[in-house]
There are 2 protein chains.
Amino acid sequence: MNTQSHTKSTSRSLPIALLRARETVMAPVRDMLQGIQITEQKWRILRVLDELGEVEQSTIANEACLLLPSLTRILRTMEADGQVTRRQDSRDKRRTMVMITDAGREILKVNLATSLAISNSIEAQMGREKLDKLLDLLDELQAIKV
Amino acid sequence: MNTQSHTKSTSRSLPIALLRARETVMAPVRDMLQGIQITEQKWRILRVLDELGEVEQSTIANEACLLLPSLTRILRTMEADGQVTRRQDSRDKRRTMVMITDAGREILKVNLATSLAISNSIEAQMGREKLDKLLDLLDELQAIKV
DNA sequence: CCTTTATAGTTAACATGTTTATTAAAATGA
DNA sequence: TCATTTTAATAAACATGTTAACTATAAAGG
């Protein structure tokens, strides 16, 4: 008898189930992004910036679910590659405001159709209702305090 | 109007929802593991090995949702730290068979109560029914082909 | 004011994620 | 049986994840 015979087996483990589900969803997205030398993280950042406009880095970190140290590095290369601009906030000099560039928006534009096709494929296979239910449950899970 | 005004906003993005939910679930697990110098990945590997016995690396990778190159590195340090043993399979010399050691099992044993408490806390807040529903939906999502 | 505390971001160090290439061994098939 | 293909694992290179320590600035409280 193993150590975790009193615990739930890994087959119904929530962390692993979340990881597996994410792999399934992200696989085609990564395929899409690989052709244009953009990582999954940079894609999320571009989407957040396109949606929210000029925001500080902490906001990006929160929205795109990235830690600040990672974000610092990623934005450095994105700025060097001309996908975003950064400037110090004049009122609060601790803050760095980040904005998407035309080149950054172009990346979103070019991949919009593929991105939509992926979403639609998932919805077609899962069904809109189940997908909504899943998103609701994930929201609820994310909101709890353990 | 932004580029993705025709797309779903990041707020109902499945990839980010999965990521956020995972962060919530893993935060207390990481707290638990940090005290004993074990990463989340090593914890998953120990659980899989305890559950399945001696298995080849590909099986671990599949069960613990890790890529083989990562696993190669992680097992190297786990073997050095005496948490697992590795041996070449005699029939198929390509395979490496991995087994948990007593020291590895001890790590599971020591953290069993905390691990259970975390699971119970999540279940208490979400409810068993919703949690099962969520696991079902995640299983279903993971099974689709995009 | 001035000290204390909190916040935004960066840096450093190490672990893992991810892709591509490579090696060795096993399976396939003419 | 031998060339071809597939599989298991590793290596290398670069990006990100994660924690701890640190800097600069702002906010709070006396």
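Both backbone and side-chain heavy atoms feed into the values below; hydrogens, waters and symmetry mates do not.
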DNA chain D: 5'-proximal contact among Asp31(B) and Thr77(A) (nearest heavy atom):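 Looking at DNA chain D, the more 5' nearest nucleotide goes with Thr77(A).
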Taking the nucleotide of DNA chain D with the closest heavy atom to each, which residue, Arg94(A) or Leu71(A), is nearer the 5' end?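 Whichever sits nearer the 5' end wins; that is Leu71(A).
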Using OP1 and OP2 only, check whether a side-chain N or O of Arg91(B) sits under 4.0 Å from dA27(C).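 Result: no.
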Within less than 4.0 Å of OP1 or OP2 of dA15(D), is there a side-chain N or O belonging to Thr39(A)?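 No, because none of the side-chain N or O atoms of Thr39(A) sits under 4.0 Å from OP1 or OP2 of dA15(D).
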Over all strands shown, is Thr96(A) touching base, sugar-phosphate only, or nothing at heavy-atom distances under 4.0 angstrom?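 Sugar-phosphate only.
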Identify whether any heavy atom of Ile74(B) sits under 4.0 Å from a base atom; if not, whether one sits that close to sugar-phosphate; answer base, sugar-phosphate or nothing.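 Here Ile74(B) touches the backbone only, sparing every base.
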How close or far is atom [atom2] of [N] from atom [atom1] of [X], stated in whole angstroms?
X: Gln37(A); N: dT18(C); atom1: CD; atom2: P; value: 16 Å
X: Leu75(A); N: dT10(C); atom1: CG; atom2: P; value: 8 Å
X: Arg76(A); N: dC14(D); atom1: CZ; atom2: C1'; value: 15 Å

Hey, is the side chain of Arg73(B) pairing donor to acceptor with the base of dG17(C) inside 3.5 Å?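 Answer yes: a donor N or O sits under 3.5 Å from an acceptor.
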Given dA15(D), dG17(D), dG17(C), the nucleotide with the shortest approach to the side chain of Leu66(B):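 For Leu66(B), the side-chain atoms sit closest to dG17(C).
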Side chain of Pro69(A) - closest among dT18(C), dG9(C), dT19(D):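 Nearest nucleotide to the side chain: dT19(D).
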Does Arg128(A) use its side chain to pair, donor to acceptor, with the backbone of Glu123(A) at less than 3.5 Å?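 It does not hold such a pair.
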